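Everything on this sheet refers to the single structure shown next.
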Protein chains: 2
Amino acid sequence: MTMPESGAKPPTSADVARVAGVSRSTVSYVLNSPPGARVSAETRERVLKAVRELGYAPSAPARSLRSGSSDIVLFPLPLQPMGQLLEQFVDEFTEALRRQDLNLLIHGDRYARGVDAARTWAALRPLAVLAESNRLTDGGVEVLRRAGVRAIFAWGREEHPGVPTAIFDNRDSGALAIRHLIGRGHRRMACLVPAGPLAGLANERWEGAKSAAEEAGCFLERVDVGYVREDVLAVVRGWQRQTEPPTAVFAGNDDFALMIISALRECGWSVPDDMAVVGADDLPFCDLVWPRLTSVAMHTRTMGSGAADMVTALMTGRPYKHRDHMVVHPRVVVRESG
Amino acid sequence: MTMPESGAKPPTSADVARVAGVSRSTVSYVLNSPPGARVSAETRERVLKAVRELGYAPSAPARSLRSGSSDIVLFPLPLQPMGQLLEQFVDEFTEALRRQDLNLLIHGDRYARGVDAARTWAALRPLAVLAESNRLTDGGVEVLRRAGVRAIFAWGREEHPGVPTAIFDNRDSGALAIRHLIGRGHRRMACLVPAGPLAGLANERWEGAKSAAEEAGCFLERVDVGYVREDVLAVVRGWQRQTEPPTAVFAGNDDFALMIISALRECGWSVPDDMAVVGADDLPFCDLVWPRLTSVAMHTRTMGSGAADMVTALMTGRPYKHRDHMVVHPRVVVRESG
DNA sequence: ATGAAAGCGCTAACAG
DNA sequence: CTGTTAGCGCTTTCAT
C-alpha cells in the first residue's frame with residue numbers, strides 16, 4: 001500500500017478498473033457478484049488485487065443512490081438509560097444483521113422526535129428504522145414511509161398505530177414482582193417509586209404492582225423517594241417505627257434495590273428475613289452482591305431476535321404485516337433477596 | 001399531509017420544485033442557504049410549504065455524492081463494555097456536534113478491526129471517525145484516509161502512530177488507586193485481577209498498581225480471581241486465615257468492589273475498618289451502596305469535549321495536527337469505602 | 001466475458 | 001433573483 005497523496009480524491013471503481021485493466025462493470029461484478037455475473041477467476045484476482053493496492057472502499061452513498069436502497073438499519077439511541085441492556089441488544093441484533101450483510105447504525109441523538117427526527121433519519125435512506133414508539137408520530141412515520149424506508153418498527157410502552165410494535169409493558173413488571181412476593185407469603189408490601197430520569201418507568205411499574213396487590217387483597221404502600229441514599233434511609237427508619245411494617249419491598253429498579261438493601265442493613269435489618277427485596281432490570285450486579293438480588297427482567301433477547309426476524313422477513317420478501325404487535329413479557333429471576 | 005402511495009418513490013427536490021413552482025436550484029438554495037443565495041421571503045415560504053406537503057427529506061447519499069462530504073461522524077461501538085459512560089459520552093458529543101449540524105452515528109459492530117473494519121466505515125464516507133486505537137491498523141487508517149475521511153481520531157490504551165489519540169492509560173488508574181491507599185496509611189494491600197472480558201484492562205491496572213507499590217516500598221499482593229461470587233468469597237476466607245492480611249484492596253473495577261464488599265461482610269469484616277476497598281470506573285451505583293464506594297475514574301467528559309474540539313477545529317478549517325495526543329487522566333472519587 | 005452508456009438525486013457554476 | 005446544466009460514483013441493461 002502506497003502513501004496517501006494529501007489532496008488526493010478517494011479512489012473510485014474507475015480507478016480500480018484502470019489499474020486492473022478492465023471495465024467498470026467488471027469491477028462491479030466482481031465486488032457484488034450478482035446472479036448472472038460470470039467473471040474469469042484470473043480477472044477477478046486482478047480486480048481484487050487492484051482493490052487492495054488502492055485501498056479502495058466502494059462509496060455507500062453512490063451505491064445507495066444508484067440502487068435505490070441501502071444496507072443501513074437505523075436505531076435511534078433510546079432516551080431512557082438502558083445501560084448494559086443496550087449493549088446486549090445491540091450485540092445480538094448486529095450479529096443477526098451481519099448475516100444479511102446489513103449494518104446497524106445507532107443514531108446518537110436521543111431527544112429528537114416526531115417529524116424533525118423522522119426527517120433526520122429519513123435523510124440517511126435507511127432500509128429500516130427501529131424507534132421508541134414515543135418518538136414516532138403519524139407525521140414522522142409518514143415521512144419515513146415516503147423516504148422509502150422499507151420497515152418501520154416501534155418498541156416501547158405504547159403501540160403505535162400502523163407500525164409493528166414490540167410492547168414492553170412495565171405494568172406487567174410491577175404486577176409480576178408483587179405476585180412473586182405474594183407467592184412467597186408476603187401480605188404487607190411496599191413499592192418504591194423513584195424520582196429522577198426513570199420516574200415515568202417507575203410509575204408504570206407502580207400501577208401494575210398496585211393492581212396486582214388489589215387483586216389479591218394485599219396491602220401495598222406507595223413510597224415516593226428521591227435518587228439519594230438519605231431518602232432511602234429515611235424510608236427504612238420510618239418502617240422501623242411502624243408496628244406493622246411491610247415485609248417485602250419492590251424497589252422499582254435494581255439501583256434502588258441496592259440502595260434499600262444497604263439502608264436496611266445500616267438499620268440492622270437483614271434481607272430477606274426482615275424484609276424481602278425485589279429489583280427490576282436484572283443488571284449484571286444482581287448476581288454479584290450478597291444476598292444476590294431477585295429481579296424482574298424484560299427479555300431483551302426477545303426483542304433482539306424479534307427485530308432481526310422482521311428484517312429477515314423484509315429481506316426475503318415475505319409479506320411484512322403492518323399490524324403485528326409483539327408483547328415482550330417480563331420474568332422473575334429469583335435469587336436470595338426475595 | 002396526504003396518504004402515501006404504496007409503490008411511490010421518495011419525493012425528490014424536483015418534486016418540491018414542481019409543487020412550489022420554482023426551479024430545483026431554488027429549492028436547494030432555500031434548504032441550504034449557501035453564502036450567496038438570495039431568495040425572496042415569499043418564494044422561500046412556498047418552497048417550505050411544498051416540502052412539508054410532500055413530506056420531503058433530502059437524500060443524504062445524493063447530497064454526499066454531489067458535495068463530496070457528509071455530515072456524519074462515525075463512532076464504532078466500543079468493544080469494552082462502557083455501560084453508563086457510553087451514554088454520557090454520546091450525549092455530550094452529540095450535543096456538541098449538533099451545533100455544527102453534524103450527526104453522530106454509532107456503528108453497531110463491536111468486533112471488526114483493521115482493514116476490514118476500516119472498509120466498512122469508509123464506505124459511509126464519514127467526515128470523521130473516532131475509533132478505539134486497538135481497532136486501527138496502519139492499513140485501516142490508510143483506507144480511511146484514502147476514502148476522504150477528514151479526521152481520524154483514536155482513543156484507548158495505546159496511541160496510534162500518525163493518529164491523534166486520547167490516551168486512557170489504565171496503569172495510571174492502578175497507580176492512583178494504590179497511592180491513594182498509601183496516603184491513607186495502608187502498607188499491605190491487595191490488587192484483584194478479574195478474569196473475563198475485562199481481563200486486559202484489569203491487567204494494565206495491576207501493572208500500574210504494582211509499580212506504585214514498589215515505588216513506595218509497600219507490599220502488594222496480586223490476586224487473580226474469576227467473575228463469580230464464590231471465587232471472591234474464597235479470597236476473603238484466605239485472608240482471614242492469614243496472620244497479617246492486607247488492610248486494603250484495589251478491586252480492579254466497581255463490580256468487583258461490590259462483590260468483595262459483599263464477601264467481606266459475609267465473613268464478618270467491616271468496610272473500611274477491617275479492609276478498605278477501592279473500585280474503578282465510578283459507576284452510578286458507587287453513590288448508592290453503603291459504604292459508598294471510593295472509585296478511580298477517567299474523565300469521560302474530557303474525552304467528549306476533546307473529541308468535539310477536534311471536529312470543531314476541522315470544521316473551522318483550523319489546522320488539524322496529526323501528531324496531537326491527549327492523555328486523559330484518572331482521578332480518585334473519595335467516598336467511605338476506602 | 002467484457003465494454004459503453006444511462007441515470008439515481010443532488011449542488012454549484014454559470015447564464016439569464 | 002431564478003433557471004439550465006454538468007457530473008459526483010455507482011449499478012445495470014444492452015451490445016458486443
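Labels below follow one simple rule: chain letters A, B, ... track the order of the sequence lines, proteins then strands, and each chain is numbered from 1. None of the values given here were measured: they were computed from a predicted structure.
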Under the criterion side chain to side chain contact (heavy atoms under 4.5 Å, CB included), I'd like the reasoning laid out for B/V73 against B/F93: C-alpha separation, chi angles, the key distance, then a yes or no. CA-CA 10 Å; B/V73 173; B/F93 194 37; 4.0 Å; yes
At a heavy-atom distance below 4.0 Å, what parts of residues 40-49 of chain B sit against DNA chain D?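 Correct list: B/S40, B/T43.
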Kindly write out the residues that satisfy side-chain hydrogen bond (donor to acceptor under 3.5 Å, both in side chains) with A/D91, not counting sequence neighbours, or none if the list is empty.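 Per chain and number, A/D91 pairs via side-chain hydrogen bond (donor to acceptor under 3.5 Å, both in side chains) with B/R110, B/Y111.
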Value in whole Å for how far the P atom of C/dG9 lies from CZ of A/R146: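 After rounding, the gap between these two atoms is 15 Å.
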Using whole Å, what does the distance between atom P of nucleotide D/dG9 and atom CG of A/L65 come to?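 Going from A/L65 (CG) to D/dG9 (P), I get 12 Å.
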Any idea how A/W155 and A/F168 line up, ring-wise: parallel (<30°), tilted (30 to 60°), or perpendicular (>60°)?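 Because their plane-to-plane angle is over 60°, the rings of A/W155 and A/F168 count as perpendicular.
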For B/V163, is there any backbone N or O sitting under 3.5 Å from a side-chain donor or acceptor partner on B/T165?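 Yes.
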Nucleotide-resolved protein contact map, nucleotides 10-16 of chain D, B/S/- at heavy-atom distance under 4.0 Å: BBBB---
How close do A/L136 and A/H160 get, heavy atom to heavy atom, and via which atoms?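 Nearest heavy atoms, A/L136 then A/H160: O-CE1, 3.1 Å.
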If you compare all heavy atoms of A/G162 against all heavy atoms of A/R145, which two are closest, and at what distance to 0.1 Å?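 Scanning both residues, the minimum pair turns out to be O-NH2, 3.1 Å.
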Phosphate oxygens OP1/OP2 of D/dT2: is one of them under 4.0 Å from a side-chain N or O of B/S23?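 Looking at the OP1 and OP2 atoms of D/dT2, neither is under 4.0 Å from any side-chain N or O of B/S23.
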How long is the gap from CD1 on B/I72 to NE2 on A/H107, to the nearest 0.5 Å?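 Rounded to the nearest 0.5 Å, the CD1-NE2 separation comes out at 8.5 Å.
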With rounding to the nearest 0.5 angstrom, report the NZ to CZ distance, A/K9 to B/R146.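 Output value for this atom pair is 15.0 Å.
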